[in-house]
Amino acid sequence: MDLLASLNPQQRQAVEHGIGPALVLAGAGSGKTRVITHRIAHLIKNAAARPENILAVTFTNKSAGEMRERVQKLLGPHRTAEPLISTFHSFCVRLLRREIEHLGYRRDFSIYDTDDQKRLVKQILQEFGRPEAELTPREVLSRISYAKNHNIPPESYITRFDSPFAEDIQELYRRYNVRLRQSNSLDFDDLLLLAVQVLTRKPELRDYYSDWYRYILVDEYQDTNRPQYELLCLLTSKHRNLFVVGDEDQSIYKFRGADIQNILRFEKDFPGTRIIRLEQNYRSTQNILRVAGTVVENNTERKGKTLWTENVNGDVATCHRAQSARDEAIWVAHEIEEILEENRDYHIAVLYRTNFLSRNFEDVLTELSIPYTVVGSVAFFGRMEVKDMLAYLRIIFNPEDDVALLRIINTPARGIGSTTIDTLTQMALEKMVPISQILRQMTKEPQLAGRSSKALIRFEEMLDRWMAKRDTLSKVDLLNTILEDIKYREMLEKEESAQEAENRMANIEELMRAASESETRGETVFEFLDRASLSSELDHFDPNARVALMTLHSAKGLEFDVIFLAGLEEGLFPHAQSMNRKEDLEEERRLCYVGITRARRKLFLTWTPFRRSFGTGSGMASLPSRFLEEMPSELIEGLDTTIGYTYTHSESHRRRQRVEEELDNAFEYREISVSEQALEIEPKTIAELRSYLQKLQGAGSQSAGHRPMLKSGMRVRHAQFGDGIILSRERAGNDIKLVISFSRVGRKTLVEKYAKLQAL
DNA sequence: GATTTACGCCTTTTT
DNA sequence: GGCGTAAATC
């Protein structure tokens with residue numbers, strides 16, 4: 001096969017690029033993966049490098065797998081060696097399983113996923129005993145992760161961050177690291193950090209690996225973070241053959257530490273870089289590309305490129321304003337039905353900003369018996385029962401893994417209660433040793449009440465039995481033995497409905513299959529566990545499914561014939577927490593760009609002013625997303641009529657705020673069952689809007705339970721804080737935030753619907 | 001120590 | 001409105 005024949009000139013240039021650094025700026029649908037796979041094949045066929053000296057790095061297992069397949073196809077079947085195509089994280093695990101002893105760790109370390117991390121932090125928070133700090137495990141973790149991703153060790157945390165909790169966080173961060181170390185465990189961030197560390201501290205290792213990997217290719221370079229960047233620097237120190245492909249317009253992982261500057265200043269970091277732009281799109285229609293392009297042009301942080309295509313103009317996009325979240329789902333489902341009737345082989349995706357939006361779509365699609373798959377809500381390896389079984393494996397092979405031990409010590413219930421567990425953890429903490437060691441000690445010289453001691457001894461004996469067999473039994477047999485011994489099925493049947501127990505057992509069987517496949521591949525238990533920790537739901541995504549539901553983030557890298565972009569409302573998308581800072585807003589906009597460019601043929605956009613977040617009451621009108629406004633209206637059917645009032649770009653901000661305030665008041669304080677009518681009008685001025693709303697309000701005021709509107713300047717009474725004056729009142733997503741100055745306790749920020757304020 | 005009930009908090013995105 | 005944790009009860 002001629003590797004170059006099917007490529008356009010720019011793609012060919014990239015594939016044929018010789019030595020030295022190269023940056024390929026590849027727009028959506030421009031054949032990014034194609035360039036990487038063809039380049040790998042090209043290097044091998046032209047004997048520039050032996051397969052094993054090539055490393056390609058991606059972000060997801062899925063894209064790594066896809067790439068592997070495509071390279072194999074290009075190269076033909078009989079090969080003695082394969083290029084290493086892997087994710088950053090699994091590459092690091094591989095490296096560390098070989099070299100981590102240089103850093104004083106043991107090779108049999110466990111990997112803590114987010115759930116494990118949370119358990120650990122929760123425990124530390126409890127010991128820490130500063131409830132007034134009011135830190136959630138999530139918050140703590142995200143700060144720790146932020147620090148790790150920016151190479152800030154616990155010792156210098158406080159000098160880098162001057163927040164009221166910096167001191168607490170620093171201490172929590174320190175303890176967290178100590179505990180990880182004691183548990184012989186690493187978290188996701190550590191995988192990268194320690195890989196960097198071992199290559200930095202041991203120059204001979206750096207020389208060895210950077211010599212070995214003669215050519216390194218990186219996909220989705222715009223999503224790399226600082227440690228990943230450093231890793232690449234180390235690995236390319238010898239040959240400098242770093243070939244990266246990315247699209248700054250698709251950088252959507254800042255929250256996870258991705259640094260868009262990595263791609264923006266690539267040619268400064270690697271002098272002599274050759275830059276190649278891939279601007280021809282092979283995926284979408286002209287109209288879809290124009291919509292996407294017009295939106296993303298509002299960003300300033302970009303290198304700038306214009307996608308073009310030889311494809312047809314295609315349909316215009318369709319925008320629909322629904323009367324409720326449920327109606328939105330119904331409308332979408334009906335459209336899907338129609339599309340599938342005409343085109344049975346189409347792939348369709350419904351994309352949304354946040355996972356909880358999937359619910360209505362799932363409900364309605366089920367009701368209409370349209371088959372679908374959801375990506376990302378609960379990952380397979382994240383399921384409770386699967387994690388339980390894996391925790392048993394972990395503790396057998398790494399007895400120091402405290403989180404795994406605590407997870408299963410009383411699951412299923414075996415008479416080891418919270419007091420006993422507390423004693424164990426307390427002692428482990430004092431002596432700075434793993435809990436399993438304390439357990440061993442306690443069973444030798446019992447210090448607890450007879451019943452608890454017996455339970456502990458039984459547990460210990462069980463562990464010993466498994467450990468004795470761990471090297472002779474296969475993974476499947478070991479898992480089966482455990483399953484029998486602990487009577488897991490019985491526990492499920494007792495605790496759950498028959499159906500639920502069945503589902504969970506089915507998942508365990510699925511796990512057994514995975515274990516036996518791993519066995520045939522000849523993997524060690526650690527390789528099996530590593531795969532489980534590093535896998536995500538996306539990896540199991542079935543590309544043959546006709547209808548897929550997923551978040552915009554999960555959709556990156558995928559393509560569909562038809563895309564539904566749902567929940568296009570201010571506060572939802574762009575998300576409330578990303579609306580205040582310019583760079584966050586730009587990331588939201590890129591997310592929108594990613595969503596639109598997933599579509600091959602047709603784009604649908606939906607929103608509703610009447611999405612109710614939860615429960616009844618406090619229903620609040622939402623405004624259409626600013627991204628809708630940014631789209632070229634001539635290419636969006638239904639856009640003009642959807643927006644109930646109009647505001648122009650230049651005057652928008654101030655006016656938008658006032659319109660919002662009026663709407664919020666109207667919808668929140670009168671218990672009108674909000675009808676579509678409310679936004680049918682198109683008032684030209686604020687005054688018109690207000691008088692219309694007053695009319696509505698007059699009509700509804702007889703109805704029970706209407707509360708007075710709160711406005712800044714008003715005096716209010718709070719049950720705890722006493723009397724105060726409202727300093728400001730503004731919208732934050734689906735909530736309204738009040739800043740109130742209380743005479744007794746000073747200034748507080750409260751969420752209006754929770755605050756139960758009484759107007760004075 | 002286990003089970004039931006009450007309460008509070010939620011909803012950003014993931015290797 | 002639903003899930004998970006904390007308190008209350010067996």
Side-chain angles (χ1 to χ4, degrees), chain A residues 57-64 86-93 111-115 117-118 122 126 134 136-138 141-142 145 149 186-192 220 223-225 227-228 251-258 325 351-360 375-377 379 381-382 384 410 412-422 448-449 451-452 455 494-495 530-539 550-556 567 571-579 584 587-588 590-591 594-595 611-618 732-735 751 753-754:
Chain A
V57 204
T58 65
F59 275 84
T60 64
N61 297 301
K62 183 175 180 300
S63 53
S86 139
T87 65
F88 272 104
H89 291 269
S90 44
F91 174 79
C92 291
V93 173
I111 300 171
Y112 278 12
D113 68 10
T114 320
D115 184 60
Q117 294 182 60
K118 248 190 216 153
K122 209 182 257 171
Q126 270 165 14
E134 275 185 349
T136 64
R138 261 170 59 115
L141 269 178
S142 88
S145 176
N149 280 320
L186 309 182
D187 65 17
F188 283 145
D189 297 324
D190 290 341
L191 296 176
L192 292 162
E220 311 273 19
D223 287 333
T224 49
N225 63 19
Q228 285 160 342
S251 162
I252 55 173
Y253 284 110
K254 176 169 170 247
F255 69 93
R256 208 166 81 188
L351 308 182
Y352 33 79
R353 176 67 233 263
T354 58
N355 263 315
F356 82 102
L357 245 69
S358 74
R359 192 178 204 101
N360 279 310
V375 177
S377 37
F381 286 106
M384 173 199 97
N410 200 33
R414 53 173 72 89
I416 304 176
S418 51
T419 11
T420 314
I421 295 173
D422 282 349
L448 287 166
R451 193 150 44 125
S452 318
K494 207 170 107 210
E495 285 185 359
D530 291 347
R531 185 189 301 280
S533 327
L534 297 176
S535 93
S536 76
E537 179 79 359
L538 191 57
D539 306 327
M550 68 185 90
T551 63
L552 286 151
H553 282 87
S554 310
K556 196 174 73 163
L572 240 188
F573 188 35
H575 195 274
Q577 286 171 45
S578 307
M579 284 178 14
D584 291 342
E587 178 143 317
E588 295 284 307
R590 291 194 289 269
L591 201 48
V594 167
R611 190 181 306 280
R612 280 192 289 184
S613 39
F614 46 90
T616 45
S618 75
N734 277 330
D735 293 330
V751 174
K753 67 181 164 200
Y754 298 130

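Below, chains carry the letters A, B, ... as their sequence lines are ordered, and counting in each starts from 1. Computed from a predicted structure; not experimentally measured.
Spacing between atom CG of Leu552(A) and atom P of dT11(B) amounts to 18 Å, rounded to whole angstrom units. Rounded to whole Å, atom C1' of dT14(B) lies 16 Å from atom NZ of Lys254(A). Taking atom CG of residue Leu357(A) and atom C1' of nucleotide dT13(B), one finds them 14 Å apart after rounding to whole Å. In this entry the distance linking OH of Tyr253(A) with P of dT15(B) reads 7 Å, nearest Å. Between Asn360(A) atom CG and dG2(C) atom P the separation is 12 Å, expressed in whole Å. Note: CZ (Arg590(A)) to C1' (dT13(B)) measures 13 Å, nearest angstrom. Regarding Glu220(A), its CD atom lies at a distance of 19 Å from the P atom of dT13(B), rounded to whole Å. Look at CD1 on Ile252(A): it is 12 Å from P on dT13(B), rounded to the nearest Å.
Close to dT15(B), at under 4.0 Å from its OP1 or OP2, lies no side-chain N or O of Ser145(A). The phosphate of dT12(B) has OP1 or OP2 within less than 4.0 Å of a side-chain N or O from His575(A). Side-chain N/O atoms of Asn355(A) include none lying less than 4.0 angstrom from OP1 or OP2 on dT11(B). For the pair Thr60(A) and dT14(B), the criterion of a side-chain N or O lying under 4.0 Å from OP1 or OP2 is not met. Between Asn410(A) and dG1(B) there is no side-chain N or O to OP1 or OP2 distance below 4.0 Å. Contact check, Lys122(A) against dT5(C): a side-chain N or O comes under 4.0 Å of OP1 or OP2. For dT14(B), the OP1/OP2 oxygens have a side-chain nitrogen or oxygen of Ser554(A) closer than 4.0 Å.
Between Arg414(A) and Ala455(A), the closest heavy-atom pair is O-CB, 3.4 Å. The minimum heavy-atom distance between Leu534(A) and Asn61(A), with the atom names listed, is O-ND2, 2.7 Å.
Distance CG/Asp187(A) to CD1/Ile111(A): 10.0 Å, rounded to 0.5 Å.
Using a 4.5 Å heavy-atom threshold, the side chains of Tyr253(A) and Asn225(A) count as separate.
Counting non-hydrogen atoms under 4.0 angstrom, His89(A) reaches a base of the nucleic acid. When heavy atoms are screened at a 4.0 angstrom cut-off, Phe88(A) is found touching no nucleic acid atom at all. Residue-level contact check: Thr114(A) touches the bases, meaning some heavy atom is under 4.0 Å from a base atom.
Ion pair Asp223(A)/Arg256(A) not flagged as a salt bridge, since none of the NZ, NE, NH1 or NH2 atoms sits closer than 4.0 Å to an Asp/Glu carboxylate oxygen.
Where Gly415(A) and Glu588(A) each meet DNA chain B at their nearest nucleotide, the meeting point lying more 5' is that of Gly415(A). Each of Gln117(A) and Thr354(A) was assigned the nucleotide of DNA chain B with the nearest heavy atom; the assignment lying further toward the 5' end belongs to Thr354(A).
Residue Phe356(A) has its side chain nearest to dT11(B) when only dT11(B), dT12(B), dT14(B) are considered. Closest contact between the side chain of His553(A) and the listed nucleotides dT11(B), dA2(B), dT14(B) involves dT14(B). In the set dT15(B), dG2(C), dT12(B), dG2(C) carries the atom at the smallest distance from any side-chain atom of Arg359(A). Each of dT15(B), dT12(B), dT14(B) was ranked by its minimum atom distance to the side chain of Arg353(A); first place goes to dT12(B). Listed nucleotides dA2(B), dG1(B), dT15(B) differ in distance to Thr419(A); the shortest reach to its side chain belongs to dG1(B).
Taking atom P on both nucleotides, dG4(C) is separated from dT13(B) by 15 Å, rounded to a whole Å. Rounded to a whole angstrom, the distance from the P atom of dA6(C) to that of dT11(B) is 16 Å.
Both geometric conditions, a ring-centre gap below 5.5 Å and a plane tilt below 30°, are fulfilled for Phe255(A) over the base of dT13(B).
When ring centroids are compared, Phe255(A) and His553(A) come within the 6.0 Å threshold.
Tested against Phe59(A) for a side-chain contact (heavy atoms from CB on, under 4.5 Å), the candidates Lys556(A), His89(A), Glu220(A) yield a single pass: Glu220(A).
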